[in-house]
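We use all heavy atoms of the structure for the numbers below, so side chains are in, but hydrogens, waters and symmetry mates are not.
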Amino acid sequence: MRTDGMLKEGALKDQTIIVTGGGTGLGRAMGTYFLELGANLVITSRKIEVLEQTAKEMEAETGGKVLAVQCDVREYDQVENVLKVTEERFGQIHGLLNNAAGNFISPTERLSNRAFDTVIDIVLKGTTNFTLALGKKWIANKQGGTVLNIVTTYAWTGSGYVVPSACAKAGVLAMTRSLAVEWAKYKIRMNAIAPGPFPTEGAWSRLLPGDLVKKFDPAKLVPVGRVGEHQELANLAAYLMSDFSAYVNGEVVTIDGGEWLQGAGEFSHLEKIPQEMWDMLEAQRGKKQ
């Protein structure tokens, strides 16, 4: 199994790419590879301290240029500010990776309306905010561009215990396919990636704390018998962001080792969790959602 970069050196040279949720996890992994391929990178999230530290580390690792901009993707004026400061620093914007997300694993009846709002606003509203703001700018400037959205296989199958996320990701998927047709005349491409399990430090432990990660080991649900390596996802993201994929538009590429074909509904097997364990998970979150 190869886990090195697959594109040739300079494949994204002089391209400026914005990655939402780019300070940690998969966003950071994909952004790092964009830098290695010659791109200028803009990373956003709500935690500026994390972003600034990540930016320093990424520049040291790659020798590239990284701009950290604090942004709550749910707030349209903050999104517009990201575009403004990006243009001031790098000039034209060439690509957008909508990666920012939020999720709760829980029986739906235990969730408050606020929990639904949080996930749908970050995932769906945040993605539409950035896509609309940047798309309008590209169209006004008669400039093409590339948008890549991170969805999930349960965007089309649905999945128990992650209903807000399923609703939001399905909306992002519909937007991807719709704008791929509508905005193609402006030379704007829209594609998406549906990743299977790519564990990141922190994220999985928050969703399934303690021994639950081992008990519900995602690798057991994947036909190839393992979870994904971050570089594998980064390779696919870089390809779809690059001109090598210029004829790919409106596509959703699944990268999950065959997981969804084996059993649709990535989290539906959590039916096995007893009620008292759900009580424990809520307590560990610190407040009831």
Side-chain angles (χ1 to χ4, degrees), residues 1-4 6 21 24-30 32-33 99-111 115 119 122-123 149-170 172-173 192-237 239-240 251-285 289:
M1 180 184 71
R2 295 189 59 168
T3 56
D4 53 338
M6 76 175 193
T24 58
L26 299 181
R28 175 173 177 161
M30 290 182 281
T32 298
Y33 190 42
N99 170 72
N103 200 0
F104 296 114
I105 291 184
S106 172
T108 306
E109 69 273 14
R110 288 176 175 249
L111 292 174
V119 175
I122 293 173
V123 176
N149 297 320
I150 301 300
V151 294
T152 175
T153 54
Y154 60 71
W156 57 82
T157 65
S159 178
Y161 304 98
V162 286
V163 172
S165 175
C167 294
K169 292 290 190 180
V172 172
L173 179 57
I193 297 174
F198 283 83
T200 59
E201 185 176 351
W204 282 76
S205 62
R206 286 193 300 272
L207 289 173
L208 290 172
D211 292 336
L212 286 179
V213 171
K214 296 178 181 178
K215 183 177 179 63
F216 295 95
D217 181 2
K220 296 177 181 177
L221 302 176
V222 181
V224 300
R226 65 175 178 86
V227 296
E229 296 286 341
H230 289 192
Q231 186 63 48
E232 293 176 301
L233 179 61
N235 284 341
L236 177 57
Y239 165 70
L240 291 173
E251 188 55 62
V252 182
V253 182
T254 300
I255 177 169
D256 72 346
E259 179 197 37
W260 89 275
L261 295 173
Q262 177 165 284
E266 185 175 354
F267 290 94
S268 293
H269 65 292
L270 298 185
E271 181 70 28
K272 299 174 184 177
I273 292 182
Q275 291 299 312
E276 56 270 21
M277 194 168 290
W278 286 119
D279 293 336
M280 181 193 71
L281 289 175
E282 284 187 3
Q284 289 184 4
R285 283 204 299 264
Q289 298 295 340

How are the rings of Tyr161 and Trp278 set relative to one another: parallel (under 30°), tilted (30 to 60°) or perpendicular (over 60°)?
parallel

With sequence neighbours excluded, tell me which residues meet side-chain hydrogen bond (donor to acceptor under 3.5 Å, both in side chains) with Glu276.
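In terms of side-chain hydrogen bond (donor to acceptor under 3.5 Å, both in side chains), with neighbours along the sequence ignored, Glu276 is linked to no residue.
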
Can you measure from [atom1] ([X]) to [atom2] ([Y]) and round to the nearest 0.5 angstrom?
{"X": "Asn235", "Y": "Asp4", "atom1": "CG", "atom2": "CG", "answer": "7.5 Å"}
{"X": "Glu251", "Y": "Ile193", "atom1": "CD", "atom2": "CD1", "answer": "11.5 Å"}
{"X": "Asp256", "Y": "Leu261", "atom1": "CG", "atom2": "CG", "answer": "6.5 Å"}
{"X": "Thr32", "Y": "Gln231", "atom1": "OG1", "atom2": "CD", "answer": "9.0 Å"}
{"X": "Glu232", "Y": "Ile255", "atom1": "CD", "atom2": "CD1", "answer": "5.5 Å"}
{"X": "Met30", "Y": "Leu236", "atom1": "CE", "atom2": "CG", "answer": "9.5 Å"}

Which pair of heavy atoms, one from [X] and one from [Y], lies closest together, and at what distance?
{"X": "Ala170", "Y": "Ala155", "result": "CB-O, 3.4 Å"}
{"X": "Tyr154", "Y": "Ser165", "result": "OH-OG, 2.7 Å"}
{"X": "Pro199", "Y": "Gly228", "result": "CD-O, 4.5 Å"}
{"X": "Leu240", "Y": "Ala192", "result": "CD1-O, 4.3 Å"}
{"X": "Ile122", "Y": "Gly102", "result": "CG2-N, 4.1 Å"}
{"X": "Val172", "Y": "Val151", "result": "CG1-CG1, 3.6 Å"}

Please determine whether side-chain contact (heavy atoms from CB on, under 4.5 Å) holds for the pair Gln262 and Val222, giving the CA-CA distance in whole Å, both sets of side-chain angles, and the decisive distance to 0.1 Å.
CA-CA 7 Å; Gln262 177 165 284; Val222 181; over 6 Å; no

Is it the case that the side chain of Asn99 and the backbone of Gly21 share a donor-acceptor pair, with hydrogens and angles ignored and the cut-off at 3.5 Å?
yes

Do Ile150 and Pro195 come within less than 4.5 Å of each other through their side chains, counting heavy atoms only?
yes

After noting the C-alpha distance and the side-chain angles of Arg110 and Asp279, does the key distance pass the side-chain contact (heavy atoms from CB on, under 4.5 Å) rule?
CA-CA 10 Å; Arg110 288 176 175 249; Asp279 293 336; 2.9 Å; yes

Between Thr254 and Trp156, is a side-chain contact (heavy atoms from CB on, under 4.5 Å) present by the stated rule, with each step listed?
CA-CA 12 Å; Thr254 300; Trp156 57 82; 3.4 Å; yes

